[in-house]
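Structure first, commentary second.
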Amino acid sequence: MTSLSDTYTLSNGVKIPILGYGTWQVTDPQEAVDGVKNAVKVGYRHIDTAQMYQNEEFVGKGIKECGIPREELFVTSKLNNMNHGYDSARKTIEESLEKLDLDYLDLFLIHWPVVKNNGGDWKQDNIDTWRALEDLYDEGKLKAIGVSNFAVPHLNNILENSRIKPMVNQIRLHPGVLQKETVELNRENDIVIEGWSPLSPMKYLGEDTTVQEMADKYGKSIAQLLLRWSVQHGFVTLTKSVHAERIKSNADIFDFELTDEEMTYFDGLTFDELSTPEDFQER
Ligand SMILES: NC(=O)c1ccc[n+]([C@@H]2O[C@H](COP(=O)([O-])OP(=O)(O)OC[C@H]3O[C@@H](n4cnc5c(N)ncnc54)[C@H](OP(=O)(O)O)[C@@H]3O)[C@@H](O)[C@H]2O)c1
């Protein structure tokens, strides 16, 4: 964890850069194109989008225009909840490739386990959906496959009933949302963990003198401390901004290291107003 170009190796040997540029809520076409280009310019090589974000086309344009060869980038997309099921997943993943104008994706994820709203048996639904990802992986269109927002029961369902283990689980992770059991199960199964919304606690930390002292000590912003916390936990960290300066400063987190005590301080924070992970997983 010494530079923006560091990678982890997935269970199938594919390398994944440890910091990713996220594109959730980037709906303005030009902001999406510019965001990707600005991120690549300062050294990000990992771009995260999703069918649900409705920006694959613009993210794809940013990738085309960024000036870096495709094979040097790591691009992820995710399956929209309404596209579960073998046939629908296959069809819409092909559509994602078309929108992004790419021949392959480096990683494709089932975005949510969709427990409540799939109108049937969520376990079978996820197994069928996963099979589509496995087949497209075999065909070389997806270089790695994984899941997102899968807690212990959802993950066990796939692990017990599928041919290929997920290589990644992308979950919400930041001080206040640690998802310890899920993290442990991922690690036991050699599943790389990606953390989303690492900056969520920012609005609660402005008055926190301990955190402010850390920021002063390292000459870093609270955003940089939170991103460093995530990276130091060994999570592939996804962060988003549409502002060039923030995109740059969010990547400037490799020249300091939080102490064990500082990591423990962040681990112990709780924020009443932040949604618990269950709110997200049971949709
Ligand atoms: N799998 C899932 O279900 C899931 C869910 C959520 C997110 N994700 C992925 O994870 C990525 C990261 O999550 P996130 O978008 O919530 O990212 P985040 O980096 O935790 O937070 C982004 C928010 O913080 C602001 N921000 C960024 N840098 C800042 C800075 N240095 N100082 C102050 N504010 C700053 C951004 O505003 P500005 O843009 O105005 O700077 C934006 O409002 C997403 O973009 C998406 O790709 C996945």
Side-chain angles (χ1 to χ4, degrees), residues 16-28 30-32 34-36 38-39 42 44 46-56 58-59 62 74-81 96 100 105-115 146-151 154-155 166 168-177 179 182 186 191-206 211 215 220-231 235-253 266 271 274-275 277-283:
I16 182 169
I18 63 172
L19 194 72
Y21 177 69
T23 62
W24 179 37
Q25 295 175 322
V26 188
T27 48
D28 178 78
Q30 200 54 48
E31 277 188 345
D34 292 343
V36 170
N38 284 327
V42 297
Y44 295 73
H46 175 169
I47 313 290
D48 184 90
T49 181
Q51 295 175 345
M52 206 183 280
Y53 305 165
Q54 300 191 326
N55 60 14
E56 288 175 307
F58 316 117
V59 168
F74 187 99
V75 185
T76 303
S77 191
K78 320 182 195 81
L79 189 75
N80 205 345
N81 294 343
S96 283
L100 283 155
L105 278 158
D106 296 278
L107 176 65
F108 195 87
L109 309 174
I110 300 180
H111 205 147
W112 293 92
V114 193
V115 170
V147 293
S148 172
N149 302 302
F150 274 46
H154 316 126
L155 206 50
V168 166
N169 189 8
Q170 183 180 121
I171 56 179
R172 182 171 192 163
L173 286 168
H174 49 71
V177 178
Q179 306 216 48
T182 304
N186 285 314
I191 298 170
V192 165
I193 302 160
E194 297 187 337
W196 58 260
S197 289
L199 301 183
S200 302
M202 270 194 28
K203 61 180 173 206
Y204 308 101
L205 295 178
V211 172
K220 294 289 175 184
S221 65
I222 293 174
Q224 289 169 319
L225 296 182
L226 287 167
L227 294 167
R228 181 72 206 182
W229 171 91
S230 177
V231 164
F235 307 141
V236 169
T237 302
L238 304 171
T239 187
K240 166 263 174 187
S241 176
V242 293
H243 297 101
E245 266 319 300
R246 287 177 174 177
I247 291 172
K248 188 166 179 229
S249 68
N250 289 349
D252 183 17
I253 56 167
F266 277 120
F271 310 99
L274 282 181
S275 301
E278 285 72 22
D279 288 345
F280 291 89
Q281 283 150 0
E282 296 298 321
R283 46 173 74 194

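Remember, it's 1-based here, ligands and their atoms both numbered in the order they're listed.
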(message) Whether the side chain of Lys78 engages the backbone of Gln51 through a donor-acceptor N/O pair (distance < 3.5 Å, no angle test) should be reported.
(response) no

(request) May I ask you to test the Phe271-Leu205 pair for a side-chain heavy-atom distance under 4.5 Å? (result) yes

(request) Specify the closest pair of heavy atoms between Asn55 and Ala50, including all atoms of both residues, with the distance to one decimal. (result) OD1-O, 4.3 Å

(message) Could you tell me if the side chain of Phe150 sits less than 4.5 Å from the side chain of Thr182, heavy atoms only?
(response) no

(request) Below 4.0 Å from any atom of ligand 1, which residues have a heavy atom? Give them in chain and number order, please. (result) Gly22, Thr23, Trp24, Asp48, Tyr53, Lys78, His111, Trp112, Ser148, Asn149, Gln170, Trp196, Ser197, Pro198, Leu199, Met202, Ala223, Leu238, Thr239, Lys240, Ser241, Val242, His243, Arg246, Asn250

(message) Is the shortest side-chain heavy-atom distance between Leu19 and His46 below 4.5 Å?
(response) no

Name the atoms and distances for all side-chain donor-acceptor pairs under 3.5 Å in residues 222-231, with sequence neighbours left out.
unit_1: Gln224; atom_1: OE1; unit_2: Ser221; atom_2: N; d: 2.8
unit_1: Gln224; atom_1: OE1; unit_2: Ser221; atom_2: OG; d: 3.3
unit_1: Gln224; atom_1: NE2; unit_2: Ser249; atom_2: O; d: 2.9
unit_1: Gln224; atom_1: NE2; unit_2: Asp252; atom_2: O; d: 3.4
unit_1: Arg228; atom_1: NE; unit_2: Gln232; atom_2: OE1; d: 2.8
unit_1: Arg228; atom_1: NE; unit_2: Phe256; atom_2: O; d: 3.1
unit_1: Arg228; atom_1: NH1; unit_2: Ile253; atom_2: O; d: 2.9
unit_1: Arg228; atom_1: NH1; unit_2: Phe256; atom_2: O; d: 3.3
unit_1: Trp229; atom_1: NE1; unit_2: His233; atom_2: NE2; d: 3.4
unit_1: Trp229; atom_1: NE1; unit_2: Asp267; atom_2: OD1; d: 2.9
unit_1: Ser230; atom_1: OG; unit_2: Thr237; atom_2: OG1; d: 2.7

